[in-house]
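I have placed the structure first, in the form of structure tokens, so that the comments after it can refer back to it.
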Amino acid sequence: MVSETSLSSSKRSPATPKFCNSFTTRIFADVAGDITIVVDGESFLLHKFPLVTLSGKIRKMVAEAKGSNVSNLELLNFPGGHQTFELAMKFCYGMNFEITTFNVARLRCAAEYLEMTEEYREQNLISRAEIYLNEIVFQSLQKSVEVLSTCEMLPANIVDEIEISSGCVEAIAMNACKEQLVSGLSKLDCDGESRELKEDCVAWWVEDLSVLRIDYFQGVICAMGRMGVRSDSIIASLMHYAQSSLKGIGKCQFWNPSRTNSSPTSVEKDQRIIVETLVSLMPTDKSSAIPLTFLFGMLKMAIMLGANIPCRLELERRIALRLEMVSLDDLLIPSLQSGDSLFDVDTVHRLLVNFLQRVEEEETEDCGYESDGLCFAGHGSLLKVGQLLDAYLAEIAPDPYLSLHKFVALIEILPDYARVIDDGLYRALDIYLKAHPALTEHECKKLCKLIDCQKLSQEACNHAAQNDRLPLQMVVQVLYFEQVRLKNALSGSSGDGLLSQRISSGVPSAAMSPRDNYASLRRENRELKLEISRMRVRLSELEKEQMFMKQGMIDKGGNGRTFLTSLSKGIGKIAIFSGQGGGKRQKSGRKSRGSEGKTGRSRRHSVS
């Protein structure tokens with residue numbers, strides 16, 4: 001009879017039965033032990049009668065050993081060790097002990113090993129353990145998790161054969177569904193309460209799952225997905241498991257690249273398996289929003305631990321779906337390659353490629369050939385990513401190990417219409433030129449060709465006109481377009497001629513196919529939107545300039561200053577590079593520019 005009495009395991013002399021309390025003493029006081037069973041090096045002096053009555057395995061071993069030394073038996077690979085065998089023998093002797101969530105799995109495996117079935121006695125140990133599992137353990141999520149965690153130390157073949165682990169997994173998922181219904185009602189009650197209380201109402205069991213081994217955790221999450229557990233609860237479970245199992249690793253490897261050359265330890269291999277498994281368990285439905293900080297954290301871990309390529313590509317794909325919402329700090333992924341740039345530029349490049357593919361797919365879906373109107377759903381996202389990329393370029397530009405090839409590849413990957421103005425790109429380029437003075441004149445020209453001088457603001461143009469690091473050709477272009485802009489402002493033109501010229505180039509030809517016509521119309525739509533954005537920026541600049549002029553006229557009223565004289569002063573500020581200003585320019589570090597000094601100054605006088 002199994003009762004609630006605590007387990008006692010004091011050692012006995014081998015000359016007497018191992019279990020000699022008042023109950024066994026009364027029955028077996030005059031009967032000496034006639035069989036010794038060895039389990040994990042521990043010897044148990046026992047009696048054949050109670051053992052062969054309940055255990056089919058011991059009965060067979062005694063029968064097979066007839067005629068030889070039947071008094072000594074050894075049980076190899078006993079599940080749960082000698083402590084569990086001691087509990088099983090107590091059951092055979094009728095001694096009281098307590099079945100708990102921490103020993104029921106071991107008892108069930110031991111009973112299976114000893115073949116303690118109903119064939120030998122009703123309510124045998126297998127039956128008792130099954131009753132406890134079905135009536136107590138499987139009815140509680142927490143108890144099911146506790147039992148499942150104890151299965152980790154048991155032989156996998158026996159655990160799988162008796163289906164105790166699968167039963168716990170299904171019980172956890174089923175109870176999670178019940179808790180989901182209860183939490184739905186609790187959230188209604190928590191409407192007026194704090195945010196912390198709402199989170200407690202949703203999934204209190206998330207922390208319990210983090211004690212499971214990764215293969216058992218994987219089975220639980222898959223079962224939850226099949227049974228309809230909410231994606232947010234599954235995501236919370238994945239995040240908490242990652243935080244508890246991957247906490248505190250990787251800092252030394254990020255700043256010690258030589259560490260990556262050595263072979264991974266067993267701990268790192270286990271962590272790599274955890275990362276790959278967690279990524280494979282992420283919900284695939286579009287409604288589930290996994291925090292970007294978690295995705296980037298997992299990506300950094302995957303890179304550091306050397307996870308397989310599908311794992312990294314999946315993380316990059318998920319991040320690219322919401323790249324416009326990424327912060328600059330998230331993109332600053334340290335590089336682990338020795339001798340390479342300080343930041344992982346290749347990963348960011350792949351993120352941009354995936355993002356552009358997503359924008360193209362959305363554009364094709366939303367703007368089909370038979371659509372009545374023109375649309376470009378990804379234009380707003382492109383503008384945000386363009387600003388983000390310019391900030392990223394400015395952040396990595398001071399890196400002395402960043403090659404020109406990779407820097408240029410990041411700039412060229414986005415289309416021209418991803419930037420309304422090129423001020424951010426100009427700033428990043430200027431920082432790169434300053435940090436890499438060894439660049440040749442040809443390389444500088446190649447880099448500066450990536451900037452559209454017409455998309456620079458007046459402030460950026462003023463800076464570029466005095467920038468000694470820029471090639472003379474770009475300085476001349478900046479001055480030319482600034483003169484054109486001022487001329488248009490004086491004549492009252494707003495650049496309609498240039499806009500009409502661009503639009504006319506996008507009109508589809510009658511000789512083009514319908515699909516080509518549609519592509520041309522899409523390009524025209526992009527140019528229209530881009531020109532409108534540019535005109536808004538220019539209009540804002542003109543309004544600010546007019547406001548300053550009006551304020552100056554009010555402060556210095558009566559001096560006869562007119563609108564044209566104020567403009568002439570503005571032109572003089574832009575032409576600060578000429579005359580005495582040219583003498584203040586710093587000497588370039590590149591020998592190839594020395595021969596162009598005088599020629600550059602004469603060209604600047606002629607342009608102004």
Side-chain angles (χ1 to χ4, degrees), residues 4 98-108 127-152 154 159-160 162-245 277-278 280-291 294:
E4 300 298 321
E98 182 181 4
I99 296 180
T100 65
T101 56
F102 298 101
N103 62 25
V104 64
R106 292 184 293 151
L107 283 173
R108 178 64 182 86
S127 177
R128 290 295 185 87
E130 288 289 347
I131 292 173
Y132 185 85
L133 288 170
N134 294 326
E135 295 183 359
I136 297 178
V137 174
F138 293 161
Q139 304 303 317
S140 168
L141 189 150
Q142 185 176 5
K143 287 182 171 59
S144 299
V145 172
E146 292 175 356
V147 174
L148 185 58
S149 63
T150 61
C151 294
E152 299 174 2
L154 297 173
V159 171
D160 294 338
I162 63 179
E163 298 181 349
I164 186 172
S165 59
S166 59
C168 290
V169 167
E170 296 297 322
I172 293 172
M174 183 62 68
N175 284 284
C177 288
K178 296 178 182 178
E179 292 292 337
Q180 179 174 281
L181 297 176
V182 175
S183 66
L185 299 176
S186 300
K187 287 173 66 177
L188 298 178
D189 298 335
C190 294
D191 284 342
E193 303 294 335
S194 63
R195 181 178 179 181
E196 291 78 6
L197 182 58
K198 290 184 179 180
E199 293 177 354
D200 292 339
C201 292
V202 174
W204 57 266
W205 44 264
V206 166
E207 297 182 4
D208 295 343
L209 300 183
S210 61
V211 301
L212 297 176
R213 200 170 60 190
I214 186 61
D215 54 340
Y216 287 151
F217 180 79
Q218 181 180 14
V220 169
I221 296 299
C222 292
M224 286 182 175
R226 292 194 307 268
M227 294 187 181
V229 176
R230 286 193 302 264
S231 297
D232 56 350
S233 298
I234 293 179
I235 293 172
S237 300
L238 297 176
M239 294 176 60
H240 193 277
Y241 193 92
Q243 291 170 359
S244 60
S245 58
T277 304
L278 293 180
S280 66
L281 293 175
M282 291 180 179
T284 57
D285 53 300
K286 294 183 179 180
S287 59
S288 58
I290 303 177
F294 175 65

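Note that the structure is a prediction, hence the values are computed from the model and not measured.
Looking at heavy atoms from C-beta onward, E170 lies in side-chain contact with R226 at the 4.5 angstrom threshold. Using a 4.5 Å heavy-atom threshold, the side chains of I235 and P291 count as touching. Inter-residue side-chain proximity for I214 and Y241 is flagged as met; some heavy-atom pair is nearer than 4.5 Å. A heavy-atom distance below 4.5 Å is not found between the side chains of Q142 and T101. Between D215 and E152, the closest side-chain pair of non-hydrogen atoms is not below 4.5 Å.
The local environment of CE in M239 is crowded, with over 12 non-hydrogen atoms from other residues, nucleotides or ligands closer than 6.0 Å.
Separation of atoms CZ (R106) and SG (C151) is listed at 11.0 Å; rounding is to 0.5 Å. Remark: C177 SG to M227 CE distance equals 6.5 Å, nearest 0.5 Å. The OG atom of S245 lies 6.0 Å from the CG atom of L278; values are rounded to the nearest 0.5 Å. Annotation: the span from M282 atom CE to T277 atom OG1 amounts to 11.5 Å, rounded to 0.5 Å. Atoms CD and CH2, from E179 and W205 in turn, are 9.0 Å apart once rounded to the nearest 0.5 Å. To the nearest 0.5 Å, atoms OG (S144) and CD (Q139) are separated by 8.5 Å.
Across all non-hydrogen atoms, the minimal contact from A236 to V206 is O-CG1, 3.5 Å. In terms of heavy atoms, L238 sits closest to F217 at CD2-CE2, 3.8 Å. The minimum heavy-atom distance between A176 and V229, with the atom names listed, is CB-CG2, 4.2 Å. Closest approach of F138 to N175, counting heavy atoms only: O-ND2, 3.3 Å. Shortest non-hydrogen contact noted between I290 and P283 is CD1-CD, 4.4 Å. Of all heavy-atom pairs between C222 and L281, the closest is SG-CD2, 3.8 Å.
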Decide side chain to side chain contact (heavy atoms under 4.5 Å, CB included) for Y216 and S149; before the verdict, give the C-alpha distance in whole Å, the side-chain angles of both, and the deciding distance to 0.1 Å.
CA-CA 8 Å; Y216 287 151; S149 63; over 6 Å; no

Assess the residue pair V220 and L148 against the criterion (side chain to side chain contact (heavy atoms under 4.5 Å, CB included)); give the C-alpha distance rounded to whole Å, side-chain angles, the decisive distance to 0.1 Å, and a yes or no.
CA-CA 10 Å; V220 169; L148 185 58; 4.1 Å; yes

Could you walk me through whether K143 and T100 pass the side chain to side chain contact (heavy atoms under 4.5 Å, CB included) check?
CA-CA 10 Å; K143 287 182 171 59; T100 65; over 6 Å; no

Start with the C-alpha gap between M224 and I172, add the side-chain angles, then the distance that decides, and say whether side chain to side chain contact (heavy atoms under 4.5 Å, CB included) holds.
CA-CA 8 Å; M224 286 182 175; I172 293 172; 4.0 Å; yes

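Under the side chain to side chain contact (heavy atoms under 4.5 Å, CB included) rule, V104 has a single partner from T150, V147, I164, which is V147.
A donor atom on one side chain and an acceptor atom on the other are found under 3.5 Å apart for D285 and S231.
E163 has no carboxylate O lying under 4.0 Å from a charged side-chain N of R108, or vice versa, which leaves the two without a salt bridge.
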